[in-house]
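Have a look at the structure below before the remarks.
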Amino acid sequence: MIVDQHRGLLYSTGKDRVIHCQNLQQKQTAGAIKTSNSRPAELEFDTDLERLYVSTREGLVIIFDVKNPKSPVMIHVIRLSQPGQ
């Protein structure tokens, strides 16, 4: 779970493979990102660039542009390799 304090948005994820975005001021859903092929584990937010960084249990780092929380855009995927591979 991570909070964008400038816009009052809460990003969270669980076992449903969806990253939820809640507007804390309006107390309603602002958007959702379906990640059906991966299981999000950790979230980080860059306030200046308005990007959400998501690490997954499959060893990926997915970067989303979330300037518009209703329609986030995946801009890059990084696969982390295991040592010795």
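Given the structure is predicted, the values throughout are model-derived calculations rather than measurements.
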Among residues at least two apart in sequence or on other chains, which ones pass side-chain hydrogen bond (donor to acceptor under 3.5 Å, both in side chains) with Q25?
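Applying side-chain hydrogen bond (donor to acceptor under 3.5 Å, both in side chains) to Q25 gives none.
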State which residues pass side-chain hydrogen bond (donor to acceptor under 3.5 Å, both in side chains) with D16; sequence neighbours excluded, sorted by chain then number.
H20
Could you name each residue pair satisfying side chain to side chain donor-acceptor pair (under 3.5 Å) that touches residues 32-51, not counting sequence neighbours?
R39-E58
To check you understand the geometry: which heavy-atom pair defines the closest contact between P69 and R7, and what is its length?
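So the minimum-distance heavy-atom pair works out to CD-NH1, 3.8 Å.
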Would you give the length of the straight line joining atom [atom1] of [X] to atom [atom2] of [Y], rounded to the nearest 0.5 angstrom?
{"X": "L24", "Y": "Q5", "atom1": "CG", "atom2": "CD", "value": "10.0 Å"}
{"X": "F45", "Y": "M1", "atom1": "CZ", "atom2": "CE", "value": "15.5 Å"}
{"X": "I2", "Y": "L43", "atom1": "CD1", "atom2": "CG", "value": "7.0 Å"}
{"X": "Q28", "Y": "N23", "atom1": "CD", "atom2": "CG", "value": "6.0 Å"}

Let's go through V66 and Y11 carefully: what are the C-alpha distance in whole Å and the side-chain angles of both, what is the deciding distance for side-chain contact (heavy atoms from CB on, under 4.5 Å) to 0.1 Å, and is it a yes or a no?
CA-CA 11 Å; V66 291; Y11 292 92; 3.5 Å; yes
Under the ring pair (Phe, Tyr, Trp, His ring centres under 6.0 Å) rule, collect the residues that match up with Y53, sequence neighbours excluded.
none
What verdict does the side-chain contact (heavy atoms from CB on, under 4.5 Å) test give for I19 and L52, after you've listed the backbone C-alpha separation in whole Å, the side-chain angles of each residue and the deciding distance to 0.1 Å?
CA-CA 10 Å; I19 300 167; L52 180 67; 4.0 Å; yes
With sequence neighbours excluded, residues passing side chain to side chain contact (heavy atoms under 4.5 Å, CB included) with A32
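A32: side chain to side chain contact (heavy atoms under 4.5 Å, CB included) contacts with V18.
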Could you give all pairs that pass the salt bridge (charged side-chain N to carboxylate O under 4.0 Å, His left out) test and reach residues 65-78, with sequence neighbours left out?
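For residues 65-78: D65-K67.
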According to a hydrophobic-cluster definition based on side-chain heavy atoms being under 4.5 Å apart (Ile, Leu, Val, Met, Phe, Trp, Tyr only), do L60 and V73 belong together?
no
Does the side-chain contact (heavy atoms from CB on, under 4.5 Å) test come out yes or no for I62 and I78, once each step is laid out?
CA-CA 6 Å; I62 307 170; I78 302 167; over 6 Å; no
Not counting sequence neighbours, list each pair that qualifies as a ring pair (Phe, Tyr, Trp, His ring centres under 6.0 Å) and has a residue in residues 61-81.
none
